[in-house]
There are 2 protein chains.
Amino acid sequence: MSTRGRGLHGHVLDTLGPAITAGEYPPGSVLRTDELAQHFEVSRSVMREAVRVLESMHLVESRRRVGVTVRPKAEWNVYDPQVIRWRLAGADRPHQLRSLTVLRSAIEPVAAGLAAQHATAEQCAELTECALGMVANSRGHRLGEYLVHDVAFHRVVLGASGNEMFARLGDVVAEVLTGRTQHEVMFEDPDPAAVTLHVQVAEAVRARDAVRAEELTRRITMGALEELDILAP
Amino acid sequence: MSTRGRGLHGHVLDTLGPAITAGEYPPGSVLRTDELAQHFEVSRSVMREAVRVLESMHLVESRRRVGVTVRPKAEWNVYDPQVIRWRLAGADRPHQLRSLTVLRSAIEPVAAGLAAQHATAEQCAELTECALGMVANSRGHRLGEYLVHDVAFHRVVLGASGNEMFARLGDVVAEVLTGRTQHEVMFEDPDPAAVTLHVQVAEAVRARDAVRAEELTRRITMGALEELDILAP
DNA sequence: GTGACATATAAGTCTGACTTTTTAGGGCTG
DNA sequence: CAGCCCTAAAAAGTCAGACTTATATGTCAC
């Protein structure tokens with residue numbers, strides 16, 4: 001999934017990207033295209049394409065007579081899904097997870113409010129279906145199935161908001177939720193209160209109750225934040 | 001500013017990027033690298049680098065024996081600052097402006113609340129300075145100077161939130177605010193109520209009153225939304 | 001110390017030849 | 001006619017080498 005066989009330059013990126021985002025090359029470090037090409041055993045053309053991509057992510061800057069310098073973290077395109085994935089796979093994963101969860105807590109309630117106003121009948125049905133799927137898998141250590149419906153639920157809400165900026169955060173939320181289940185301690189069944197809240201959000205959206213949908217979703221994201229505080233205080 | 005002389009491939013991007021985001025090549029359109037290279041009068045290497053960048057933005061997909069196909073709008077990396085700039089410069093500028101303003105209305109209040117908790121003394125001072133600058137230039141058609149302080153104000157708030165995802169939206173907010181002043185009808189002096197709200201936010205942050213800072217900022221962004229509704233209902 | 005100038009360096013560009021993957025179509029067989 | 005395989009073509013992908021350009025830095029004269 002992460003490594004789509006998109007050629008040699010993709011392979012180079014899969015190694016260089018994580019290395020840079022992990023801080024292996026501190027900001028200001030200077031790399032040389034030729035050396036990198038040799039190290040990865042690819043031609044300069046391929047290496048240049050990889051550098052161009054890193055440059056478009058604002059991870060590095062390429063200047064004549066100097067080389068490829070690593071930019072400070074504050075300038076990175078941290079919304080690039082690829083960058084998010086690299087960072088979530090790296091050392092500052094906890095920090096990144098917190099940033100993204102705070103982002104969720106700002107976005108999702110507003111998105112749910114908008115969804116209550118703009119969701120189509122089909123989207124309402126999908127939402128209910130997802131919520132029911134969560135209920136059905138909330139007991140008996142069926143975490144995998146539960147996760148699928150949880151991710152789908154939030155994706156539908158973000159999509160139904162009618163705002164493309166919100167909709168594009170579906171992947172980010174998916175990464176966060178998946179990460180929580182796979183990497184963090186998640187032995188027990190999900191919090192029953194959270195499951196109930198999802199069902200109620202689905203109801204509120206169907207009932208066109210924007211205020212209620214927003215408030216309920218706020219409780220969901222607040223819960224996610226508290227969960228983080230417990231795991232990594 | 002937009003055209004940083006970053007070589008030939010940059011020039012190609014400055015033409016091709018806006019063309020694609022403007023929908024000039026509808027989703028599914030197939031381009032051929034060689035033809036593009038001829039058209040832009042650059043070598044294939046340069047053209048390939050440009051295509052790689054567009055690919056990393058999820059604007060296009062390159063496949064063997066097929067060509068470079070334009071991806072559907074829903075898959076674009078709409079948070080990429082470059083993509084945002086291209087779209088703001090294009091035909092669906094109003095739609096884009098609305099999406100971003102809704103995004104602001106979700107993010108900035110939360111960011112202001114966090115800023116009240118985490119802002120350093122220096123950031124509090126900057127905030128006050130910006131607010132005063134806005135007051136000083138709120139009358140007498142000094143829109144340019146007003147804008148500078150307005151942009152700086154929101155940038156400081158987002159930065160002081162301590163959340164890197166929020167902080168990186170500073171550029172986006174700057175684009176929106178700048179665009180509002182430069183392109184939309186903005187003959188009159190800014191709304192005095194808005195100016196007052198900014199001053200009060202600065203006070204609330206300095207007083208560590210998170211709830212108040214959030215509520216006041218919510219009013220600011222609500223005002224921005226209403227302003228949009230008036231201009232483009 | 002300051003300025004102009006020369007030099008070395010690394011990115012940038014171009015070209016042509018070659019490889020690999022994948023689609024489309026033709027021809028074979030049932 | 002349907003189905004299948006197999007060939008051939010098309011376009012991206014890769015590589016190597018030569019050349020250009022910008023620029024940081026050191027040198028020298030003043």
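Quick caveat, the model's predicted, so the values are computed rather than measured.
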query = According to a strict under-4.0 Å criterion, is B:S45 in side-chain N/O contact with OP1 or OP2 of C:dT13?
reply = no
task = Provide the start and end nucleotides, 5' to 3', of the part of DNA chain D that has atoms under 4.0 Å from heavy atoms of chain A.
result = D:dT14 to D:dA24
task = Could you state the atom-to-atom distance from CZ of B:R65 to P of C:dA24 in whole Å?
result = 7 Å
query = Just how far, in rounded Å, is C1' of C:dA11 from CG of B:L8?
reply = 13 Å
message = Given 3.5 Å as the limit, does a donor-acceptor pair link the side chain of B:Y79 with the main chain of A:M165, or not?
response = yes
inquiry  = Roughly what angle, to 10°, lies between the helix axis at the start of the helix from C:dG1-D:dC30 to C:dG30-D:dC1 and the one at its end, five pairs per end?
reply    = 10°
query = Can you check salt bridge (charged side-chain N to carboxylate O under 4.0 Å, His left out) on A:R87 and B:E164, steps first, answer last?
reply = CA-CA 13 Å; A:R87 296 185 67 192; B:E164 62 186 349; 3.2 Å; yes
message = So for B:R64 and C:dT21, does any side-chain atom that can act as donor or acceptor lie under 3.5 Å from a complementary atom in the base?
response = no
ask   = Can you tell me if B:H39 uses its side chain to pair, donor with acceptor, with the backbone of B:E35 under 3.5 Å?
value = no
task = Measure the distance from CD on A:Q38 to P on C:dA11 and round it to the nearest whole Å.
result = 12 Å
query = Between B:G67 and A:S43, who's closer to the 5' end of DNA chain D by nearest nucleotide?
reply = B:G67
key: Side-chain N or O of B:R63 closer than 4.0 Å to phosphate OP1/OP2 of C:dT23   = yes
ask   = Between atom CZ of B:R6 and atom OG of A:S62, what is the distance when rounded to the nearest 0.5 Å?
value = 12.0 Å
ask   = What is the distance, rounded to the nearest whole Å, between atom CE of B:M47 and atom P of C:dC14?
value = 12 Å
inquiry  = If I take atom CZ in residue B:R44 and atom P in nucleotide C:dT13, what distance separates them, rounded to the nearest angstrom?
reply    = 15 Å
ask   = Just how far, in rounded Å, is P of C:dG16 from CG of B:D34?
value = 13 Å
ask   = Any donor-acceptor pair under 3.5 Å linking the side chain of A:W76 with the backbone of A:R71?
value = yes
query = Between the side chain of A:H149 and the main-chain N/O of A:E145, is any donor-acceptor distance below 3.5 Å?
reply = yes
Flag for A:R168-B:N77: side-chain donor and acceptor within less than 3.5 Å = yes
task = Compute whether any side-chain donor of one residue and acceptor of the other, for B:S45 and A:S45, lie under 3.5 angstrom apart.
result = no
task = Determine the contact category for A:R48: base if any of its heavy atoms lies under 4.0 Å from a base atom, sugar-phosphate if only primed atoms, P, OP1 or OP2 are that close, otherwise nothing.
result = base
inquiry  = Starting the side chain at C-beta, find the nucleotide from C:dG12, C:dA11, C:dA17 nearest to A:R32.
reply    = C:dA11
message = Tell me if the centroids of the rings in A:H154 and A:H198 come within less than 6.0 Å of each other.
response = yes
request  = Could you state the atom-to-atom distance from CD of B:E41 to C1' of C:dT13 in whole Å?
outcome  = 15 Å
inquiry  = What contact category does B:V51 fall into here, base, sugar-phosphate, or nothing, at under 4.0 angstrom with non-hydrogen atoms?
reply    = nothing
